[in-house]
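Atoms within each ligand, like the ligands themselves, are counted from 1 in listed order.
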Amino acid sequence: MKPLKAINDLFRHNQPLEAQISGVFKRFFDKGWYILGSEVGSFEKEFAQYCGVEFAIGVANGTDAIELGLRALGVQAGQKVALVANAGGYGTIGINAIDAVPVYVDVDATTFNMDVKSLEAVLDKQDIKAIIVTHLYGNLANIDEISNLASSKGIKLMEDCAQAHGAYRQGKKAGSWGDLATFSFYPTKNLGALGDGGAIVTKDATIAERVKQFRQYGWDQKYRSTLCYGRNSRLDEIQAAILRIKLPLLNEWNARRSAIAGLYGALINHPRIILPRVSGADHVAHLYVIRTGQRASLSQHLRASDVPHDIHFPVPDHRQPMFLDRFSDVVLPVSEVLCNEVLTLPCFPEMNDEEVNWVAAAVNKWIP
Ligand SMILES: *Cc1c(COP(=O)(O)O)cnc(C)c1O
């Protein structure tokens, strides 16, 4: 077996599509239209249909999707947005971009997703305008309960689906619960472009219209801005065309990711490692994340064994250096422990069983 080159080997992922994707460039040369044309329009229709919602709007990336999404939901500077602190910081960055205020909610120790009890406690004490729920590592959060809670209190709900394209529960896809949902098509995501890309999906025609304006200078028509804070955040035609080639393959890729996670679950057997529960259609295994109290030792062992691995994510949002001591009185016991204990193993659709076996064997050989 050749050694694994990366935790997510994108060459192996995209190489089989090389001929088809090269065809895109040829078409573009012949056509001479690059921004907001038929490819973006068609992708938006196809992706909305895939998610089971009425509207999808392509934007430049997943972080812009969060920022524009918050604006489209009517969140104003100074208003509070509840979110978790263990999901990479993207929600916080979107909130900062509009000068809103992040309010952090702790997560559940088994799912690593937003803890409903902690959310209830926050909603009881504070005036929250919107909630961002991240479906972390590909695993749908407790979204039924959270969406009931949000609608009973008249709070807007945004799903961050950047790690959960195609996950579904009881026939409902990621992105179909919230008032609005955001996606990233960063190359490593379950559905990835060959560059940056993102989308917002929604069932609400008014929200969709607002997002379309925010992504293009606040225009309601050419050269006429009716919304403040509009800017340029568009999905490229080329990336949209590539995403249209890839979307029909997403379910197959997700199934293979889940199979790999299942194989890890059967093979890794180490008393100091806690494995994630990855089973069923509501977990699309974007990342296979294990947990151990002796992470530095495991990481060193894996490095010595040439097993690519990473940490998603090491610094919780409320402890990011940019905040100085602004959140020093905020304590999130579970999130803080998880940031010190999680470790990600390779899990991408092109990995073969032999490679999964090899990674699992290397992990099992760890002597803490
Ligand atoms: C990747 C990611 C984003 C941001 O997407 P970009 O396209 O890289 O801006 C947002 N949220 C989550 C959970 C992500 O994993």
Short N or O contacts of ligand 1 with protein, under 3.5 Å, listed by atom name?
{"unit_1": "ligand 1", "atom_1": "5 (O)", "unit_2": "Ser184", "atom_2": "OG", "d": "3.2"}
{"unit_1": "ligand 1", "atom_1": "7 (O)", "unit_2": "Gly62", "atom_2": "N", "d": "2.7"}
{"unit_1": "ligand 1", "atom_1": "7 (O)", "unit_2": "Ser184", "atom_2": "OG", "d": "2.7"}
{"unit_1": "ligand 1", "atom_1": "9 (O)", "unit_2": "Gly62", "atom_2": "N", "d": "3.3"}
{"unit_1": "ligand 1", "atom_1": "9 (O)", "unit_2": "Thr63", "atom_2": "N", "d": "2.9"}
{"unit_1": "ligand 1", "atom_1": "9 (O)", "unit_2": "Thr63", "atom_2": "OG1", "d": "2.6"}
{"unit_1": "ligand 1", "atom_1": "11 (N)", "unit_2": "Asp160", "atom_2": "OD1", "d": "3.4"}
{"unit_1": "ligand 1", "atom_1": "11 (N)", "unit_2": "Asp160", "atom_2": "OD2", "d": "2.6"}
{"unit_1": "ligand 1", "atom_1": "15 (O)", "unit_2": "Gln163", "atom_2": "NE2", "d": "2.8"}
{"unit_1": "ligand 1", "atom_1": "15 (O)", "unit_2": "Lys189", "atom_2": "NZ", "d": "2.7"}

Q) Is Tyr217 isolated, or which residues cluster with it under the ILVMFWY side-chain rule of less than 4.5 Å, directly or via members? A) Trp219, Tyr223
Q: Kindly determine whether Gln320 and Asp317 satisfy side chain to side chain donor-acceptor pair (under 3.5 Å), including the steps that lead there.
A: CA-CA 5 Å; Gln320 288 291 350; Asp317 295 18; 5.0 Å; no
List the atom pairs, with distances to 0.1 Å, where a side-chain N or O of residues 241-252 and a protein N or O form a donor-acceptor pair under 3.5 Å, not counting sequence neighbours.
{"unit_1": "Arg244", "atom_1": "NE", "unit_2": "Glu46", "atom_2": "OE1", "d": "3.0"}
{"unit_1": "Arg244", "atom_1": "NE", "unit_2": "Glu46", "atom_2": "OE2", "d": "3.2"}
{"unit_1": "Arg244", "atom_1": "NH1", "unit_2": "Glu39", "atom_2": "OE1", "d": "3.1"}
{"unit_1": "Arg244", "atom_1": "NH2", "unit_2": "Glu46", "atom_2": "OE2", "d": "2.7"}
{"unit_1": "Lys246", "atom_1": "NZ", "unit_2": "Asn14", "atom_2": "OD1", "d": "2.7"}
{"unit_1": "Lys246", "atom_1": "NZ", "unit_2": "Gly192", "atom_2": "O", "d": "2.7"}
{"unit_1": "Asn251", "atom_1": "OD1", "unit_2": "Tyr50", "atom_2": "OH", "d": "2.5"}

Q. Which residues pass the ring-ring contact (aromatic ring centres under 6.0 Å, His included) test with Tyr186, sequence neighbours left out?
A.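 By the ring-ring contact (aromatic ring centres under 6.0 Å, His included) rule, Tyr186 matches no residue at all.
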Q: Answer with yes or no whether the side chains of Asp115 and Ser118 bring together a donor and an acceptor at under 3.5 Å.
A: yes
Q | Within 45° cone and under 6.0 Å: Lys189 NZ/CZ vs Phe47 ring | A |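 Judged by the rule (NZ or CZ under 6.0 Å from the ring centre, within 45° of its axis), Lys189 is not positioned above Phe47.
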